[in-house]
Amino acid sequence: MKVYTGGGDKGKTSLFSGERVAKHSLRIESYGDLDELNSLIGAVLAVLPDNSQLVARELAQIQARLFQAGAWLATTADSSASQFLDPMDESLVSELEGAIDTLSEELPPLKVFILPGGHQSAALAHVARTVCRRCERRASQLVEELEAEGELDAALSVIAVYLNRLSDYLFVAARYLNKVTATQEQAWQKP
Amino acid sequence: MKVYTGGGDKGKTSLFSGERVAKHSLRIESYGDLDELNSLIGAVLAVLPDNSQLVARELAQIQARLFQAGAWLATTADSSASQFLDPMDESLVSELEGAIDTLSEELPPLKVFILPGGHQSAALAHVARTVCRRCERRASQLVEELEAEGELDAALSVIAVYLNRLSDYLFVAARYLNKVTATQEQAWQKP
Amino acid sequence: MKVYTGGGDKGKTSLFSGERVAKHSLRIESYGDLDELNSLIGAVLAVLPDNSQLVARELAQIQARLFQAGAWLATTADSSASQFLDPMDESLVSELEGAIDTLSEELPPLKVFILPGGHQSAALAHVARTVCRRCERRASQLVEELEAEGELDAALSVIAVYLNRLSDYLFVAARYLNKVTATQEQAWQKP
Amino acid sequence: MAETLTSSNGDHWITLEERRQLSGEVFELCCTRPAGFHFLAGQHVGLRIGQLERDYTIVSARQEPRLRFLVEQLEAGLLSSRLASLALGSSLEMGPPRGYLVERATARQRVLVATGSGIAPFVSMLSSGFQARYLLQGARRPDQLYYRRQVSPLVDNYVGCLTAPGCLAKGKGWVYPGQVTAYIDQLLPVEDYDFYLCGKWEMIRQATHIIDRRFPEAKVFSEGFY
Ligand code: B12
Ligand code: B12
Ligand code: B12
Ligand SMILES: C[C@H]1O[C@@H](n2cnc3c(N)ncnc32)[C@H](O)[C@@H]1O
Ligand SMILES: C[C@H]1O[C@@H](n2cnc3c(N)ncnc32)[C@H](O)[C@@H]1O
Ligand SMILES: C[C@H]1O[C@@H](n2cnc3c(N)ncnc32)[C@H](O)[C@@H]1O
Ligand SMILES: [Mg+2]
Ligand SMILES: [Mg+2]
Ligand SMILES: [Mg+2]
């Protein structure tokens with residue numbers, strides 16, 4: 001079973017809705033970065049401590065949601081392809097907010113910046129957090145561009161909000177992973 | 001012997017062919033990202049399981065190829081500097097296709113997306129895969145820009161194809177690393 | 001106390017100096033990437049070998065400096081907010097140069113490229129190095145843009161130089177980490 | 001939609017009722033259609049005997065009472081050789097319908113391109129009422145243009161692209177001596193199209209690159225195999 005098809009060797013590729021677009025077009029950038037984020041979450045999962053099954057389940061669920069989001073990013077508004085996709089609605093955002101609230105309850109309140117790092121899983125969660133914020137920047141740019149052209153699908157606005165919340169989830173998860181591994185968190189000290 | 005020269009402190013830097021260009025010019029972006037990919041492959045190598053010497057050798061070979069590609073990206077078309085460079089021809093692409101085919105034979109066929117992750121080496125191979133695809137997007141943009149200006153060196157088109165194939169190699173390598181470490185691969189399940 | 005405020009759900013966010021800007025604006029890109037670099041340094045720290053306390057201290061210091069830099073990037077020139085910020089001056093650059101020189105003395109001189117990798121901490125230091133260079137490219141672009149508009153704060157030029165030197169520090173640190181872990185460094189061999 | 005077509009449409013047992021040889025290496029299986037089984041024209045299902053499983057495209061129309069599948073007997077194909085000899089009346093396990101090479105709403109004309117057993121989804125689509133401007137069917141010899149008689153009247157323009165030497169069949173206006181890709185490159189008039197491609201990935205790769213050059217605004221839907 002081969003994985004390479006060669007169809008993209010000349011710099012264009014296909015959306016799920018069929019259009020041929022440049023590989024460096026904004027949609028492809030957007031879901032390409034989402035794929036990077038998804039892979040980084042996989043890297044967090046690979047080094048997760050045993051006593052964090054809750055986070056393990058949540059991260060796996062988030063990976064599935066990112067594929068759902070990726071499929072929407074690969075589909076132009078009003079395309080008949082969207083009938084095949086699972087809806088992206090605000091409930092996905094509340095799902096994340098619930099998870100943030102639950103983890104936050106375990107953590108001391110924070111009024112300063114913390115140096116990203118600590119346990120390896122926490123350190124990688126911080127990397128994932130910042131890549132998530134990069135995804136959010138691309139999504140925000142795509143939303144702006146599509147809105148200007150009157151081609152914005154509502155699913156994409158939800159994705160942007162989801163990514164905003166996801167970066168907060170990853171921040172809280174990083175702190176939580178340090179807590180359950182008894183790793184001291186370091187506040188940013190000015191010089 | 002100092003590694004810092006200060007020559008780039010004002011935002012410009014040199015190509016191998018001598019031109020001074022902005023650090024945020026597209027060529028520099030392209031080989032800067034390639035350097036990131038190369039480093040991520042180093043990170044995969046650092047956590048590779050013992051029973052994957054074949055992949056170890058292939059990744060080291062790929063690292064060398066990426067330097068070869070980087071040198072071409074640092075050289076403008078028709079520059080006399082290109083005489084110092086090793087040719088970038090289609091045989092490099094076939095080299096990779098052979099490697100993909102060999103690894104694929106060990107793997108069950110796939111008809112769905114898989115959640116990136118698993119063994120730490122596989123998880124990082126997925127991260128490398130997505131950074132490789134980012135490199136491909138930059139290369140595709142550079143090729144388009146240079147083509148429009150009639151300044152495209154054939155080596156660059158080969159690099160774009162090489163990167164397309166490399167991301168497929170890294171996908172297959174990730175699956176293979178999970179297999180040899182007896183790590184279960186997870187298919188994407190829709191909600 | 002919730003970490004999510006929702007204030008950025010519609011694609012705009014606030015600078016420290018108060019302006020509301022698009023999330024994909026160049027300033028936000030710049031400190032977003034800096035945050036990614038900071039997190040990657042956290043990942044290096046998480047896997048640092050025991051016998052490299054010097055590097056551990058330096059990296060923690062660098063993390064603090066990156067927050068200092070981030071605050072400046074979040075502040076427009078001549079804004080009254082800058083009075084709250086610690087100055088960014090050339091002494092930060094010399095601080096790094098000193099660190100580079102000290103580590104370099106422990107290392108054999110180099111006249112070739114080395115394959116990024118080796119010990120896990122060295123491999124991640126290389127990844128951090130390349131992300132640092134990405135930050136430098138964004139900073140260089142921001143400096144150019146602000147200069148053209150006559151809105152360049154001197155702190156930002158120092159940040160660009162700091163990042164240039166930081167990538168050299170991370171290169172030397174990667175080599176050093178391989179040395180103290182007795183990991184052989186591999187020179188790039190042409191095909 | 002995604003729901004009704006896959007997850008809630010789980011595994012079924014079907015019975016082999018008839019086998020029809022279409023050429024030396026290709027045959028059609030006719031099976032019972034389970035009550036309540038829905039699919040979109042162009043989709044495929046996994047057929048299983050014991051541990052062996054492979055995907056086969058449904059060639060029957062959506063409204064047909066039986067399910068028909070196109071099977072190419074591959075030299076190394078364990079399942080296809082089992083299917084070639086399976087006794088009539090035997091049961092087979094069938095998975096849910098999958099795949100997106102199906103009708104997509106459009107204002108544009110459609111061009112369908114198939115090589116070899118890649119004709120299967122288009123047989124189902126055309127006989128289910130799908131409208132298309134062109135069907136380019138590629139094969140080496142005329143006897144490998146499976147379902148040609150059934151589908152050629154269902155499209156505006158049918159072209160059989162034959163690659164074996166000496167296939168310049170006299171007087172047959174629908175024959176083009178050459179590959180489907182050459183036809184797209186040289187003869188297909190420039191208009192607004194959506195392309196549906198099915199066949200080996202190598203054909204899809206070449207066709208896609210030609211489409212990118214000649215029809216840069218076109219949408220391309222493809223389903224490939226090796
Ligand atoms: C968008 C997209 C992506 C996105 C994200 C998808 C998402 N939902 O987030 C990203 C960038 C992550 C991606 C990555 C990859 N993709 Co992709 N992707 C697509 C695309 C354009 C649409 C898929 C989709 O979202 N469908 C919507 C959902 C709802 O459909 P679905 O029911 O899950 O069904 C899909 C899967 O079953 C998948 N699928 C079917 N067969 C195979 C085989 C393989 C090997 C894989 C990985 C997937 C796959 O395709 C179905 C239909 O779209 C298709 C091409 C197309 N135009 O359809 C290629 C496509 C499926 N991808 C492909 C490949 C090769 C990959 C990568 C291996 C590339 C790489 N080297 O990194 C990875 C695999 C990632 C993984 N973790 O498994 C190939 C598969 C080729 C093959 N052998 O069949 C396709 C067909 C493109 C092509 N022509 O080359 N992809
Ligand atoms: C393109 C380029 C890169 C590219 C990629 C190169 C590639 N092939 O993929 C990337 C972005 C990866 C890169 C990275 C670095 N580079 Co560089 N790079 C260059 C450049 C522009 C051309 C090199 C090249 O490709 N030559 C073509 C090949 C075929 O030549 P070669 O036979 O292999 O010979 C080269 C090497 O031997 C190398 N070299 C010679 N002495 C030294 C010393 C050191 C310390 C290093 C690392 C390399 C090196 O330069 C030779 C001639 O170009 C040169 C400057 C120039 N204009 O020549 C700088 C240059 C070689 N790089 C330099 C530096 C410092 C680095 C980095 C350490 C920067 C950093 N902090 O990350 C890293 C090291 C990476 C590594 N893994 O070793 C310095 C070396 C300074 C010195 N002390 O001699 C140079 C001279 C630029 C400068 N003036 O500052 N680089
Ligand atoms: C620039 C900025 C960043 C930059 C970098 C800052 C730097 N110096 O490098 C980056 C991108 C790294 C960043 C990241 C984050 N930030 Co921020 N950031 C800001 C911003 C715009 C200015 C902060 C600053 O640099 N102040 C200058 C320095 C000198 O001030 P300071 O004396 O250190 O005091 C600051 C800290 O104490 C901090 N702070 C106060 N309370 C809290 C609470 C929390 C939870 C955190 C993390 C920080 C924090 O804000 C103070 C005043 O600015 C403020 C909003 C604003 N307009 O002020 C948000 C802000 C502080 N950030 C916020 C958040 C949520 C985060 C992240 C958690 C987001 C995420 N999911 O990744 C991370 C945390 C990173 C970490 N390691 O701790 C929130 C805090 C909300 C709250 N509950 O109070 C704010 C208020 C924005 C907002 N309205 O949502 N941020
Ligand atoms: C915490 C601070 O980070 C900035 N901010 C908000 N969203 C992003 C993003 N996607 N990427 C980088 N920075 C961001 C804002 O300035 C916010 O106040
Ligand atoms: C698997 C899918 O990923 C998309 N695709 C193809 N090349 C790239 C790239 N370099 N980066 C991100 N996405 C890409 C296409 O849509 C393809 O079909
Ligand atoms: C070592 C070589 O890397 C290139 N170079 C200099 N600065 C950067 C950067 N920030 N990112 C990527 N490449 C860079 C120049 O060509 C230099 O000579
Ligand atoms: Mg936010
Ligand atoms: Mg590809
Ligand atoms: Mg430099």
Side-chain angles (χ1 to χ4, degrees), chain B residues 1-13 21-26 28-48 56 59-68 70-71 84-88 91-92 95 120-121 124 127-128 131 134-135 138, chain C residues 26 43 47 93 96-97 100-101 103-104 107-131 133-134 136-145 147 157-158 160-169 171-172 174-175 183 186 188-191:
Chain B
M1 214 268 332
K2 301 208 172 184
V3 62
Y4 54 93
T5 59
D9 281 352
K10 300 230 177 301
K12 285 200 154 196
T13 193
V21 296
K23 289 201 173 174
H24 53 279
S25 66
L26 195 46
I28 306 290
E29 292 286 351
S30 301
Y31 60 83
D33 276 1
L34 220 62
D35 194 11
E36 186 177 343
L37 167 60
N38 212 335
S39 300
L40 270 162
I41 292 176
V44 176
L45 279 163
V47 295
L48 213 62
L59 290 179
Q61 168 77 343
I62 287 163
Q63 286 197 305
R65 295 295 186 212
L66 290 177
F67 273 106
Q68 192 178 335
F84 301 114
L85 307 181
D86 296 298
M88 241 10 256
S91 71
L92 304 188
E95 182 179 278
Q120 208 185 343
S121 61
L124 289 178
V127 179
V131 173
R134 168 145 52 83
C135 289
R138 284 295 75 67
Chain C
L26 196 46
V47 294
V93 175
L96 267 184
E97 289 175 352
I100 295 173
D101 294 347
L103 292 184
S104 296
L107 297 169
L110 199 69
K111 287 179 210 129
V112 292
F113 287 116
I114 47 169
L115 301 188
H119 185 264
Q120 208 185 341
S121 61
L124 289 178
H126 274 292
V127 178
R129 174 181 65 78
T130 59
V131 173
R133 287 159 71 82
R134 169 145 51 83
E136 188 195 9
R137 301 194 291 273
R138 284 296 74 69
S140 141
Q141 189 174 354
L142 183 62
V143 164
E144 186 183 276
E145 193 176 293
E147 204 161 33
S157 307
V158 176
V161 179
Y162 184 84
L163 291 170
N164 193 5
R165 220 58 92 247
L166 180 54
S167 74
D168 291 333
Y169 171 82
F171 181 69
V172 175
R175 294 188 67 206
T183 314
Q186 308 280 340
W188 171 39
Q189 309 272 13
K190 294 203 210 143

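Each chain gets a letter, A, B and so on, in the order the sequences are listed, and its residues count up from 1.
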Distance from [X] atom [atom1] to [Y] atom [atom2], nearest 0.5 Å?
X: B:Y4; Y: C:N164; atom1: OH; atom2: CG; result: 12.0 Å
X: B:Y31; Y: C:T130; atom1: OH; atom2: OG1; result: 14.5 Å
X: C:R137; Y: B:I28; atom1: CZ; atom2: CD1; result: 8.5 Å
X: B:Q63; Y: C:W188; atom1: CD; atom2: CH2; result: 12.5 Å
X: B:D9; Y: C:E136; atom1: CG; atom2: CD; result: 8.0 Å
X: B:N38; Y: C:H126; atom1: CG; atom2: NE2; result: 9.5 Å

Q) Using non-hydrogen atoms only, which part of B:D86 is less than 4.5 Å away from chain C: side chain, backbone, both, or neither? A)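 When you check distances to chain C, only side chain atoms of B:D86 fall under 4.5 Å.
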
(Q) Between B:L45 and chain C, with a heavy-atom cut-off of 4.5 Å, which part of the residue counts as in contact: side chain, backbone, both or neither? (A)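 It is neither, since no heavy atom gets under 4.5 Å.
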
Q. What option among C:H119, C:Q186, C:E144 has the most heavy-atom pairs under 4.5 Å with chain B?
A.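 Highest number of pairs under 4.5 Å: C:E144.
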
Identify which part of [X] has an atom lying under 4.5 Å from any heavy atom of chain B, answering side chain, backbone, both or neither.
X: C:I114; value: backbone
X: C:L115; value: both
X: C:V127; value: both

Q) Which heavy atom of C:A123 sits nearest a heavy atom of B:A43, and at what distance? A)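 Residues C:A123 and B:A43, closest heavy atoms: CB-CA, 3.7 Å.
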
Q | Residue from C:R134, C:R129, C:R133 passing side-chain hydrogen bond (donor to acceptor under 3.5 Å, both in side chains) with B:E36 | A |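 Only one option passes, and that is C:R134.
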
Q: Run through B:K10, B:K12, B:H24 and flag the one making a side-chain hydrogen bond (donor to acceptor under 3.5 Å, both in side chains) with C:S140.
A: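 With C:S140 as partner, B:K10, B:K12, B:H24 yield a single side-chain hydrogen bond (donor to acceptor under 3.5 Å, both in side chains), made by B:H24.
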
Q. Within the side chain of C:Q189, is there an N or O that forms a donor-acceptor pair under 3.5 Å with the backbone of B:A64?
A.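 Judged by distance alone, no pair lies under 3.5 Å.
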
Q. Could C:D168 and B:K2 be called an ion pair, given the rule that one side-chain N must be under 4.0 Å from one carboxylate O?
A.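 Between B:K2 and C:D168 there is no salt bridge, as every charged N stays at least 4.0 Å from the carboxylate O atoms.
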
Q) Is B:E29 salt-bridged to C:R138, going by a charged N under 4.0 Å from an acidic O? A)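 Salt bridge: yes.
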
